[in-house]
Amino acid sequence: MRFFDLLSKIASFENTPEEFELLETEKGEPGFWGGWKEEAAPEAPENIAFPSTLSGCEKQITTQFRRDINSDLVLRRFRIGGKLSVMAAFINGMVDTQIVNNFILRDGMRGDLSNAAPPYAEYLLENVLTHCEAQVEHRWDKAKKSLLDGKTVLFLEGESCCIVLDTRGYAHRDVSVAENEKVIIGPQESFTENLRTNITLLRRIIRKEDLVVEFRDAGAENHIRTAIVYREGLTNANLVEEVKHRLANVKTDMLLHIGTLEQITEKHKHIPFPQLLTTERPDRAAAQLMQGHVVVLLEGSPYANVMPTTLHTLMSSPEDSYIRSAEGSLIRIVRTFGALVSILVPGCFLSLTLFHPGLLSSEVLNTIVTTRRMVFEPLGLEMLSLSLIFQLIREAGLRVPGAVGQAIGIIGGLLLGQAAIAANLASPIILIVVALAGLGNFCVPDYSLRLAVSYLRILFVIAAWMAGLLGVICTLIIMIALLSSLKSYGVPFLTPFAPKTYSKQPMVLRGTVNMHKRAQDYMNTRKDRRQ
Amino acid sequence: MKRLQGKIGMQEGISLCALAIVTTSLFTIDSAEFYADGNAGYISVPLSVLIGLLGILPILFAMKKTRSESLSSLLRSALGRGLGAVAALVIIAILFFSALAILSKFVSAVSSFLFYLESGYEKIALWMLATIAVLSFGGFERLGRTAKCFAAFLGICLIIVLLIPIDSYELYRIYPLPGKDFRAIIQDCLSGSIKTLPALLCLCINGQGVHGGHIVRRSSMIACGIGFVLVFAVQLCLGLSFTYMELQELYIPLYRINMGLLTEGYFLRLDKVSLLLWLIGGIITVGFYLYSASLLGLEMYGGTDIRPSLLTGTAILLTIISLAFTEYNNAFNMALGFFENYGFIILLGLLVLIAIIAFLRAKSNKGMEEHA
């Protein structure tokens with residue numbers, strides 16, 4: 001018997017395996033398709049009374065911020081004018097310690113309270129603290145939120161309130177060159193992750209008293225802030241209300257980038273086209289603001305959402321306005337042509353060779369047949385696979401930093417292409433068609449629209465593979481039909497063309513600068529003429 | 001009531017209506033019968049557009065007189081619910097016939113001219129009707145804006161297609177002038193009005209969607225003007241390109257207009273490419289008719305949602321088109337022939353009757369109001 005016990009002990013038979021498991025199944029067998037666990041009941045809004053003693057405040061804040069294990073929170077007690085006990089609370093790293101030292105601690109300790117009588121809060125603001133942005137706060141939850149924002153909270157002995165001082169000074173990236181919306185002529189700076197800096201960049205361009213910036217909680221559990229920027233005297237009030245309404249309905253666990261916010265607030269979630277303009281350029285956002293648009297900025301995101309937008313805006317580059325009208329028009333024509341080539345050429349080529357060889361002359365057909373003689377793949381599959389490989393090279397080039405990324409593009413493009421042709425995996429003519437479509441795609445100035453164009457190209461190839469030019473035409477009509485009924489914050493996506501609105505700004509052709517005096521009619525601005 | 005109508009502007013309304021008039025007038029002609037005794041198409045087809053406009057004018061003025069925003073409200077106010085429903089049924093049937101005429105023409109043209117390999121008519125019809133369903137399910141707004149996007153482009157393409165073979169045009173081909181005797185021309189003009197009237201009727205049905213009767217009137221006139229010019233240009237160019245004997249043999253004469261000039265060595269066969277462009281017009285026109293017929297049905301027979309009617313309409317069109325290319329081909333062609341030859345009598349008669357009753361009712365109502 002002992003032997004078996006010993007054996008059991010050595011083999012650890014009696015020990016039940018204990019492994020960490022995150023996925024609980026306590027609520028019974030999981031369903032066949034999985035499914036969400038029951039959601040926890042929403043937290044009731046915090047309604048905690050403000051303690052009137054310093055020790056009460058310290059105890060409350062220590063409990064709530066788990067100061068026993070959370071060393072970020074700094075609590076510093078001192079006396080103002082040797083009379084009033086106060087406690088400064090801030091989160092280490094979020095504040096500028098120079099400001100705290102010079103304008104809270106030093107000013108406070110040197111302060112004179114000989115003529116003051118309780119309550120001291122207002123007196124301190126008026127006579128002691130030489131800080132520009134400070135206010136008295138009576139609500140505990142708001143004081144806590146200010147602390148999390150990087151402000152310093154000053155609790156006062158014997159008073160059920162605190163003083164909140166804006167001492168934010170966390171590290172952030174400086175304004176740098178725009179990487180994704182490059183222009184040759186025009187401003188080069190881009191938005192940063194700092195909300196304040198981004199607003200300053202806008203204010204530096206628009207020096208108007210009616211430029212309004214409204215801050216609000218974005219509605220995520222990480223309590224990130226958004227800023228709604230618009231011109232009070234120009235922007236349509238209904239548009240501003242709609243933006244606020246949609247932002248007020250945001251309820252999500254986390255917001256890290258404005259792209260997530262864009263997806264939550266847009267109405268047509270299954271259409272691949274972007275329904276907002278996402279830009280990293282302050283000059284572009286400012287130009288849109290001057291036309292009566294609304295701009296939404298998110299803390300921590302170096303991009304701005306501009307609403308509403310149209311296909312015409314997405315196909316324009318800020319540079320179009322910085323060069324002469326003839327050159328600008330030419331660039332726009334090339335860009336539109338590039339987009340059409342990117343969407344239609346692979347599908348049309350596939351249809352012509354697979355279903356309608358009678359449409360091609362015998363010389364062209366001969367060339368295609370000769371180059372494809374040894375390729376074993378079906379034409380449609382070859383087109384699809386090469387399109388996907390093109391995307392793969394592009395994606396790989398994007399994700400790898402700097403010069404290595406460029407090298408991947410060149411190596412991937414040249415070597416793989418050459419090798420594929422040599423190994424009879426692809427024909428040169430298909431490679432040309434795919435490369436042409438890829439080049440056309442790069443002409444599209446907006447990144448989201450570029451992705452949509454890639455997506456559409458694949459759809460057109462599949463339609464062409466199924467039904468030839470009939471499939472291409474039907475898909476084209478469906479695409480235009482969907483675009484026709486798409487709206488971005490109440491503005492039809494194909495405006496000012498369909499529906500036609502009064503606009504002196506031609507769409508593909510740019511027009512002279514004089515034609516840009518008036519704001520777009522579809523914006524229904526409060527003032528017809530720009531100020 | 002979920003009508004999916006929305007609102008469109010005048011440009012969209014004109015585009016939609018003009019596209020429908022031109023497509024129907026040019027692509028639903030039975031060449032063998034139409035050119036049997038000579039070519040007077042360049043006179044009768046444009047004139048039929050004007051007769052169509054004349055036919056709809058009483059309705060437009062009746063709408064103005066009775067302050068009706070759409071055809072359904074005119075039918076209710078003029079004929080009452082019962083008779084109005086019967087009249088609506090006739091109009092819906094005419095719209096369906098017009099849609100079928102266009103669809104059958106394009107299905108057989110695409111199958112014969114575009115696809116080299118054997119391709120089923122049903123498959124082609126299914127692709128077209130799927131597109132038509134997407135268009136019409138988006139409502140009048142989607143139809144109008146899509147038409148606006150394509151109309152100018154198609155118009156320019158049409159002019160280019162007519163300009164390309166300019167060297168092959170010969171004046172002698174349109175002789176003898178006027179090609180047919182005047183009785184035949186008048187008959188062609190009258191029977192041809194059945195190709196214009198459905199488009200104008202659809203605009204009246206969607207009166208609310210184009211911001212009321214006055215916009216319907218203006219849009220109808222401008223659309224008919226555009227239709228008149230384009231149809232005249234095409235018929236004249238066809239007359240200059242082919243003799244009436246040659247035209248009798250051509251299924252869609254406009255499709256062949258470039259053939260006289262094209263030789264081996266051209267990169268693309270432009271005739272086949274242009275057929276695809278005209279197909280866009282055909283699909284939008286059928287979508288317009290289908291949506292308008294469904295809307296009229298919804299407004300006259302009750303209901304809360306237009307989508308079931310649209311779905312039913314699409315299914316009916318698909319079924320009939322599929323049957324049209326089987327052993328029921330003769331029956332289908334006979335019905336279509338009857339509709340194209342005599343449909344105008346029914347429709348023009350009905351429209352005049354509605355207009356007269358509406359005027360009389362409006363007059364008596366006014367008298368009663370004055371008396372009161």
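Note: hydrogens, waters and symmetry copies are ignored here, and every other heavy atom, side chains too, is used. A note on names: the letters A, B, ... follow the listed sequences, proteins ahead of strands, and every chain is numbered from 1.
A distance of 13.0 Å separates CE in B:Met10 from NZ in A:Lys500, rounded to the nearest 0.5 Å. The NZ atom of B:Lys272 sits 11.0 Å away from the CG atom of A:Leu360 when rounded to the nearest 0.5 Å. Of the inter-residue distances, the one linking A:Cys474 atom SG with B:Leu135 atom CG reads 9.5 Å to the nearest 0.5 angstrom. Expressed to the nearest 0.5 Å, how far CD1 of B:Ile283 lies from CG of A:Leu476 amounts to 10.0 Å. Interatomic distance, CD1 of A:Ile473 versus CG of B:Leu279, reported as 7.0 Å (0.5 Å rounding).
Counting heavy atoms of neighbouring residues, nucleotides and ligands inside a 6.0 Å radius, atom CZ of B:Arg218 does not exceed 12 of them. The local environment of CE in B:Met221 is crowded, with over 12 non-hydrogen atoms from other residues, nucleotides or ligands closer than 6.0 Å.
Proximity of A:Ser485 to B:Thr146: side-chain heavy atoms (C-beta onward) are nowhere separated by under 4.5 Å. Using a 4.5 Å cut-off on side-chain heavy atoms (C-beta onward), B:Cys149 and A:Leu494 make contact.
Of all non-hydrogen atoms in A:His356 and B:Leu114, the two that sit nearest each other are ND1-O, 2.7 Å.
The most heavy-atom pairs under 4.5 Å with chain B, out of A:Pro492, A:Gly468, A:Ala467, come from A:Ala467.
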Self-check item: Worked check of side-chain contact (heavy atoms from CB on, under 4.5 Å) between A:Leu470 and B:Phe115
Solution: CA-CA 9 Å; A:Leu470 177 69; B:Phe115 284 94; 3.9 Å; yes
Quiz item: Does the pair A:Ile480 and B:Arg145 meet the rule for a side-chain contact (heavy atoms from CB on, under 4.5 Å), with working shown?
Solution: CA-CA 9 Å; A:Ile480 299 286; B:Arg145 287 183 188 154; over 6 Å; no
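For A:Leu469, the parts lying near chain B are the backbone and the side chain together; criterion is any non-hydrogen pair under 4.5 Å. Proximity to chain A involves both the backbone and the side chain of B:Ile280, based on heavy atoms less than 4.5 angstrom apart.
In this structure, B:Lys148 contributes its side chain and A:Phe497 its backbone to a donor-acceptor pair below 3.5 Å.
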